[in-house]
Amino acid sequence: MKKVNIAIDGPAGAGKSTIAKAISKELGIIYLDTGAMYRAVALKAINEGIDTLDKSRLAQMVEAIDIKISCTENEQKIFLDGVEISQKIRTPAISIGASNVAVVPAVRMKMVELQRSIAAENSVVMDGRDIGTYVLPEADIKIFLTASVDERARRRYIEQIQKGITDITLEEVKRDIEYRDKNDSSRDFAPLRKAEDAIEIDTTSMALEEVVEKILLICKG
Ligand code: DC
C-alpha cells in the first residue's frame, strides 16, 4: 500500500482523537495524537516549577527534553524522560498548560521535527491544530473538525466525569475550552486554522460513526 498521511485538525472537543483513532484502526495505519506532545512539555514545566507562560525558560527547557512516542493502530503511549505519562497528562491543568507552552516557537519546532519524522516513515493519521497548515502541508487528506462550543464543552465534561475527574463543573470546562480556542487561534506561529484545501465537517449534531464513515468515504476518494 502507498504511504498515506491524513491530517485531522480542529479545536478542543471537536472529536479529533476518537475519530482519528477509529480511522487509523479501520485503515490499519498508526495514529499520532500531537496534542499529547504539548501536554508532555507542560507536564515537564510544571514538574520543574516553570511557569507555562514563561517563554524564555520554556525555550531553554525544551532544548534537552526527551519525549518518545510509541504508536500503533488505535493506541499511543508517550514517555517523558523515560517515564510513561500517557494518563497523567489528561487533566484540566495540563490542558491549559499545553495551550500555553504551544505558543512558544522553540517548543513547536521541537515537536514538529518529531511529528514530521514519524510521518516521513509511516502511514499515519495525525491529529492536532496545525497539521494540515504547517506540519504536513502535503498531507494526502486534510480534515477540519468543528462543533459548537457548548457541544464541545459537554463532550469534554462527560469525558472527564467518566475518567473520575469530578471536581470540575460544565461551566469551568467551557471556560477552559474558550481560553484554549482563543489562545490556540491567536498565536503568531502555526495557529489553529483550517487549511485552504481541508474539508470542514461540523460534528455538532453528528454521531461519531457518521463522521468516521464520512472521512472513510473521503479517503477512498
Ligand atoms: O489536542 P489537545 O487538547 O490534547 O491539545 C492540547 C493543546 O496543545 C492545545 O490546546 C494546543 C496545543 N496543540 C497545538 O498547539 N498544536 C497541535 N498540533 C496539537 C496541540
Side-chain angles (χ1 to χ4, degrees), residues 1-40 67-79 84-87 89-90 95 98 102 108 111-147 151-152 155-156 158-159 162-163 184 190 192-221:
M1 190 178 101
K2 171 184 165 289
K3 186 165 78 63
V4 61
N5 287 162
I6 303 172
I8 301 189
D9 289 302
K16 297 185 303 291
S17 68
T18 318
I19 287 159
K21 270 185 212 165
I23 303 283
S24 79
K25 195 169 177 203
E26 199 60 42
L27 298 181
I29 64 179
I30 64 172
Y31 160 59
L32 181 68
D33 163 15
T34 63
M37 298 164 112
Y38 295 95
R39 289 172 179 270
I67 293 179
K68 290 207 172 59
I69 300 244
S70 86
C71 32
T72 55
E73 288 162 41
N74 202 27
E75 204 198 17
Q76 167 178 300
K77 284 186 182 152
I78 180 157
F79 301 82
E84 197 198 336
I85 51 152
S86 314
Q87 299 306 321
I89 52 173
R90 304 289 159 193
S95 299
R108 303 200 69 80
M111 301 304 116
V112 169
E113 201 181 302
L114 187 53
Q115 292 156 15
R116 285 185 178 152
S117 70
I118 293 171
E121 286 172 16
N122 304 277
S123 283
V124 62
V125 183
M126 201 179 283
D127 87 23
R129 302 292 187 289
D130 60 337
I131 311 304
T133 52
Y134 185 76
V135 181
L136 305 175
E138 305 297 327
D140 304 275
I141 290 159
K142 298 182 186 178
I143 306 289
F144 194 76
L145 293 180
T146 60
E151 174 61 14
R152 290 186 287 121
R155 290 178 191 167
R156 248 321 124 80
I158 293 172
E159 214 174 84
Q162 283 169 345
K163 268 192 248 156
D184 297 345
L192 164 65
R193 195 165 45 79
K194 175 186 166 299
E196 271 175 26
D197 51 351
I199 298 171
E200 182 164 346
I201 305 175
D202 183 342
T203 69
T204 307
S205 48
M206 285 175 86
L208 171 73
E209 297 74 23
E210 271 180 276
V211 184
V212 171
E213 213 161 287
K214 189 164 178 163
I215 298 177
L216 286 172
L217 274 177
I218 295 169
C219 292
K220 282 175 192 145

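With hydrogens and angles disregarded, a donor-acceptor distance shorter than 3.5 Å links the side chain of Asn5 to the backbone of Asn122. The closest donor-acceptor contact from the side chain of Gln115 to the backbone of Val135 lies at 3.5 Å or more, if one exists at all. Between the side chain of Asp9 and the backbone N or O of Ile131, at least one donor-acceptor pair lies under 3.5 Å. Although no hydrogens or angles enter the test, the distance criterion places no donor-acceptor pair under 3.5 Å between the side chain of Lys3 and the main chain of Glu121. Side-chain atoms of Thr203 come within 3.5 Å of backbone atoms of Ala14 as a donor-acceptor pair (strictly under, hydrogens ignored). Under the 3.5 Å distance criterion, the side-chain polar atoms of Ser24 are left unmatched by any main-chain donor or acceptor of Ile30. At distances below 3.5 Å, at least one donor-acceptor pair connects side-chain atoms of Lys16 with backbone N or O atoms of Gly10. A donor-acceptor pair under 3.5 Å links the side-chain atoms of Lys142 to the main chain of Gly132, judged by distance alone. Judged purely by atom type and a 3.5 angstrom limit, Arg152 uses its side chain to pair as donor or acceptor with the backbone of Ala12.
Across every non-hydrogen atom of Ile6 and Cys219, the tightest pair is CD1-SG, 3.8 Å. Heavy-atom minimum distance, Arg156 versus Gly13: NH2-N, 3.7 Å. Nearest heavy-atom pair across Val4 and Ser123 is N-OG, 2.9 Å. Across all their heavy atoms, Ser86 and Glu84 have their closest contact at OG-OE2, 2.5 Å. Summarising the geometry of Leu145 relative to Gly15, their closest heavy-atom pair is CD1-C, 4.1 Å, with the distance given to 0.1 Å. The two residues Ala40 and Ile85 have their closest heavy-atom pair at CB-CD1, 3.6 Å.
For the pair Ile67 and Met111, the minimum side-chain heavy-atom distance is below 4.5 Å. Put simply, the side chain of Asp33 does not reach to within 4.5 Å of the side chain of Ile69, judged on heavy atoms. The shortest distance between side-chain heavy atoms of Leu208 and Ile19 falls below 4.5 Å. Within the 4.5 Å cutoff, the side chain of Asp140 has heavy atoms near those of the Lys2 side chain. Pro11 places a side-chain heavy atom less than 4.5 Å from the side chain of Leu192. With a 4.5 Å cut-off on side-chain heavy atoms, Phe144 and Arg193 do not count as touching.
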Requested in this report: Show the numbers, then the answer: is there a side chain to side chain contact (heavy atoms under 4.5 Å, CB included) between Ile23 and Tyr31?
Outcome: CA-CA 8 Å; Ile23 303 283; Tyr31 160 59; over 6 Å; no
Query raised in the report: What do the steps show when you test Ile78 against Arg39 for side chain to side chain contact (heavy atoms under 4.5 Å, CB included), and what is the final call?
Result: CA-CA 10 Å; Ile78 180 157; Arg39 289 172 179 270; over 6 Å; no
**Report entry** Test side chain to side chain contact (heavy atoms under 4.5 Å, CB included) applied to Lys21 and Gln76, step by step
**Finding:** CA-CA 10 Å; Lys21 270 185 212 165; Gln76 167 178 300; over 6 Å; no
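For Glu26, the CD atom sits in a loose shell: 12 or fewer heavy atoms of surrounding residues, nucleotides or ligands are nearer than 6.0 Å. Within a 6.0 Å sphere centred on NZ of Lys163, other residues, nucleotides and ligands contribute more than 12 heavy atoms.
Geometrically, Arg116 engages Tyr134 in a cation-pi contact, judged by NZ or CZ lying under 6.0 Å from the ring centre and within 45° of the ring axis.
Atom CG of Leu216 and atom CD1 of Ile141 lie 9.5 Å apart (nearest 0.5 Å). Rounded to the nearest 0.5 angstrom, Thr146 OG1 and Lys194 NZ are separated by 10.5 Å. To the nearest 0.5 Å, atom CD1 of residue Ile218 and atom NZ of residue Lys220 are 11.5 Å apart. Here Met37 contributes atom CE and Arg108 contributes atom CZ; the two are 11.0 Å apart, rounded to the nearest 0.5 Å.
Pairs of residues two or more places apart, or lying in two chains, that qualify as side-chain hydrogen bond (donor to acceptor under 3.5 Å, both in side chains) and include a residue from residues 204-215 are Asp202-Thr204.
Comment: Glu151 engages Arg155 in a salt bridge, judged by a side-chain N to carboxylate O separation of less than 4.0 angstrom.
Scored by the side chain to side chain donor-acceptor pair (under 3.5 Å) test, Thr133 finds no partners at all (sequence neighbours excluded).
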